[in-house]
Amino acid sequence: MKDSNFEISRFFENKSNIFRDESIFSPSYIPNVLIHREDTLRQLTNYFKSIFTLNFPPSGKSVIIQGSVGLGKTVVVKKFGKAVETFCKSSSSRPSMKIIYFHINCRRQRTWYLVLTSILRHFILAFPPRGYSTDELIQLLTRILKERNQHLLLCLDEIDYLIIDKKSQDELYSLIRGHEEDLNDNRSHISLILITRDPHFLLFLDSALYSSLSQTIIVFSKYSEQQLYEILIDRANSGLKSTTYTEEVIRMIASLTYEVGDVRYAIELLWRAAKLAESELSSSIEFEHVRKSHSCIMPIKKSVITDLPIHQQFILMALALLLINDRSKSQITTMKLKEKYYEICKKNRLKPRRQTQFWGYLQKLSALGLIKLNVYNKHKEGKSLGRTTCISIHSFSAEQLVEQINNFSY
Ligand SMILES: Nc1ncnc2c1ncn2[C@@H]1O[C@H](COP(=O)(O)OP(=O)(O)O)[C@@H](O)[C@H]1O
Ligand SMILES: [Mg+2]
């Protein structure tokens, strides 16, 4: 019997046999290197160069960043903001105007009033929560920046929550054009980075805003499966103990998540699988931990499996049993699967289907997203030996599947 006190004390001591540093998986963690986004960082630096280097930046700069969820938009801009601040602090490269970076998430601060007061509170600690119109707040902010000889680099993340009508557009316009009213100081004091998920964001803006903002748009494209794998491996290297994961496990997570392209989900899945391995006191993350974690987040309805024709259920069952039997494997060859399927048919006194039909079932299960067919070209000494197909399950746990299809012998 296990000494439970020992386990509890280990829990309190916070010693993990899986994690080296769990904070690496937190959504707010900013990695040292942003793999595959160096180009974007360079683009941003180039674009904003004039506010660092010119004594009198002629006009504020604005950039729009567009891309769907989990593509690294927030982290790239935060990294850029940090780099700008570090650059400004180093005495040798100090620009003529001090640049301060602000990152506002508009999902949390959904009105201009909230956005502006939270910035102003940085300058005036006890800034009153009420009593000003938005225009007055913009004027006040611009005045403070001028007096202090500062340039505000403001990132409005998830701007779609803020720009919802004509009024909110006008306010954005006032912020961009605020400095133009002062004839004594024609330097610009505000630059903007607007992050949106909406590919049509610009189309909804009125013409004045459109022409101010449409010059620079950076579109974030989806990561490929390989890129996702490299990002995950990097996270695993920093956050997990080296013996607790294999490249294959990381590849499986990349392959499961790349169609959605959401890195946040990929990292979360790795973290969940690691947590599960930890709670089961396993010494490493297994494929089954990944499958279980994935199915917890995206459960497949039980009926999707139990409503399948019996032979397809047998095939799934055969696959699940083989994967449970050999936990070091993430996929099974068609030949092995067919053997096991035959065995199950025999035990249940059913005539197995022939090759063509068996293959047809595999295609169907794959189309339903229940299995994945991975085709490989076989080579020996430069000669092609044809193709082989291996089958894996991603979207549910093999153990749960066996529990669900429990109405026949195997
Ligand atoms: N190129 C990358 N290298 C390392 N981590 C990345 C990269 N791109 C995204 N991430 C990570 O993925 C997660 C989601 O990124 P985030 O910037 O929040 O996406 P978005 O803002 O596009 O929804 C974060 O944990 C982030 O650190
Ligand atoms: Mg974001």
Side-chain angles (χ1 to χ4, degrees), residues 19-45 63-84 101-110 115 118 153-163 192-201 216-240 245 247 250-275 290 293-294 297-298:
F19 290 102
R20 191 202 296 268
D21 178 359
E22 201 176 330
S23 70
I24 301 284
F25 298 92
S26 133
S28 57
Y29 171 76
I30 302 182
N32 287 336
V33 183
L34 286 175
I35 311 166
H36 304 298
R37 288 292 185 227
E38 299 90 348
D39 280 2
T40 327
L41 274 170
R42 214 167 296 131
Q43 247 176 306
L44 278 173
T45 316
V63 89
I64 293 183
I65 288 183
Q66 190 274 320
S68 58
V69 67
L71 295 186
K73 302 182 298 299
T74 300
V75 76
V76 163
V77 177
K78 280 193 172 163
K79 183 112 186 152
F80 175 67
K82 268 195 162 185
V84 169
Y101 172 75
F102 243 89
H103 194 106
I104 302 266
N105 187 315
C106 304
R107 190 153 35 96
R108 280 183 222 126
Q109 272 132 344
R110 291 185 183 213
V115 169
S118 73
L153 176 58
L154 175 62
C155 171
L156 295 170
D157 201 344
E158 308 207 46
I159 181 103
D160 317 77
Y161 288 93
L162 184 65
I163 306 299
L192 295 173
I193 301 177
L194 310 178
I195 304 184
T196 175
R197 277 191 220 170
D198 182 0
H200 309 298
F201 175 72
T216 308
I217 303 168
I218 300 176
V219 178
F220 275 48
S221 48
K222 252 176 68 173
Y223 292 108
S224 68
E225 189 172 340
Q226 177 62 21
Q227 289 174 331
L228 212 50
Y229 165 78
E230 286 166 29
I231 293 172
L232 285 169
I233 272 281
D234 185 58
R235 258 333 133 102
N237 282 339
S238 325
L240 302 175
Y245 64 94
E247 281 181 20
I250 306 291
R251 282 216 181 274
M252 179 183 193
I253 298 176
S255 140
L256 253 176
T257 48
Y258 97 99
E259 268 164 38
V260 201
D262 181 346
V263 196
R264 187 173 315 137
Y265 176 56
I267 294 171
E268 185 188 332
L269 186 56
L270 174 58
W271 170 76
R272 277 177 186 262
K275 280 306 259 186
V290 177
S293 308
H294 184 56
I297 308 172
M298 300 189 173

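Counting convention: from 1, in listed order, for ligands and their atoms alike.
- Distances below 4.0 Å separate heavy atoms of Gly70 from the following atoms of ligand 1: 19 (O), 20 (P), 22 (O), 23 (O).
- One option in Ile35, Asp157, Val77 has a heavy atom closer to atom 1 (N) of ligand 1 than any other, and that option is Ile35.
- For the residue pair Tyr245 / Asn237, a side-chain donor-acceptor distance below 3.5 Å is found, with atom types taken as modelled.
- Residue Ser26 places no N or O, backbone or side chain, under 3.5 Å from any N or O of ligand 1.
- For Ile231, every heavy-atom contact with ligand 1 shorter than 4.0 Å involves the side chain, none the backbone.
- Asp21 and Ser23 share a side-chain donor-acceptor pair at under 3.5 Å.
- The shortest non-hydrogen separation linking Ile233 to Glu247 is CD1-CG, 4.3 Å.
- In this structure, Cys106 SG and Asp160 CG are separated by 8.5 Å, a value rounded to the nearest 0.5 Å.
- In this structure, CD1 in Ile267 is found 7.0 Å from CD1 in Ile231, a value given to the nearest 0.5 Å.
- Taking any N or O of Val33, backbone or side chain, none lies under 3.5 Å from an N or O belonging to ligand 1.
- Those atoms of ligand 1 with a heavy atom of Pro31 less than 4.0 angstrom away are 4 (C), 5 (N), 27 (O).
- Using a 4.0 Å cut-off between heavy atoms, Arg235 contacts ligand 1 through its side chain alone, with no backbone atom that close.
- Contacts with ligand 1 closer than 4.0 Å are made by side-chain heavy atoms of Tyr223 only, the backbone lying farther away.
- Salt bridge annotation for Arg108-Glu158: absent, with no cationic side-chain nitrogen under 4.0 angstrom from a carboxylate oxygen.
- Under a 3.5 Å cut-off, the side chain of Gln43 and the backbone N or O of Leu41 do not form any donor-acceptor pair.
- By the criterion of a separation under 2.8 Å, the protein N/O/S atoms near the Mg ion (ligand 2) amount to Thr74 OG1.
- Among protein heavy atoms, atom 18 (O) of ligand 1 sits closest to Arg264 NH2, 2.9 Å.
- Here the protein heavy atom with the shortest distance to atom 21 (O) of ligand 1 is Thr74 OG1, 2.8 Å.
- Backbone and side-chain nitrogen or oxygen atoms of Val75 are examined, and one is located within less than 3.5 angstrom of a nitrogen or oxygen of ligand 1.
- In summary, the atoms of ligand 1 found under 4.0 Å from a heavy atom of Tyr29, numbered by their order in the structure, are 27 (O).
- Under 4.0 Å from ligand 1, the heavy atoms of Ile267 that appear belong solely to its side chain.
- For ligand 1, the polar-atom distance check finds no N/O of Arg37 at less than 3.5 Å from any of the ligand's N/O atoms.
- Arg37 forms a cation-pi arrangement with Tyr223, by the criterion of a distance under 6.0 Å to the ring centre and an angle within 45° of the ring axis.
- Across all non-hydrogen atoms, the minimal contact from Ile218 to Leu44 is CD1-CD2, 4.0 Å.
- The protein heavy atom nearest to atom 9 (C) of ligand 1 is Gly72 CA, 3.4 Å.
- One side chain, Arg251 or Gln226, offers a donor N or O that lies under 3.5 Å from an acceptor on the other.
- Under the 4.0 Å criterion applied to side-chain N and carboxylate O atoms, Arg272 and Glu268 are assigned as salt-bridge partners.
- Aromatic ring orientation, Tyr265 versus His294: tilted (interplanar angle from 30° to 60°).
- Annotation for ligand 1: atoms under 4.0 Å from non-hydrogen atoms of Leu71 are 19 (O), 20 (P), 22 (O).
- The structure places CZ of Phe102 at 12.0 Å from SG of Cys155, a figure rounded to the nearest 0.5 Å.
- Here the two rings, on Phe25 and Phe19, have centers that are under 6.0 Å apart.
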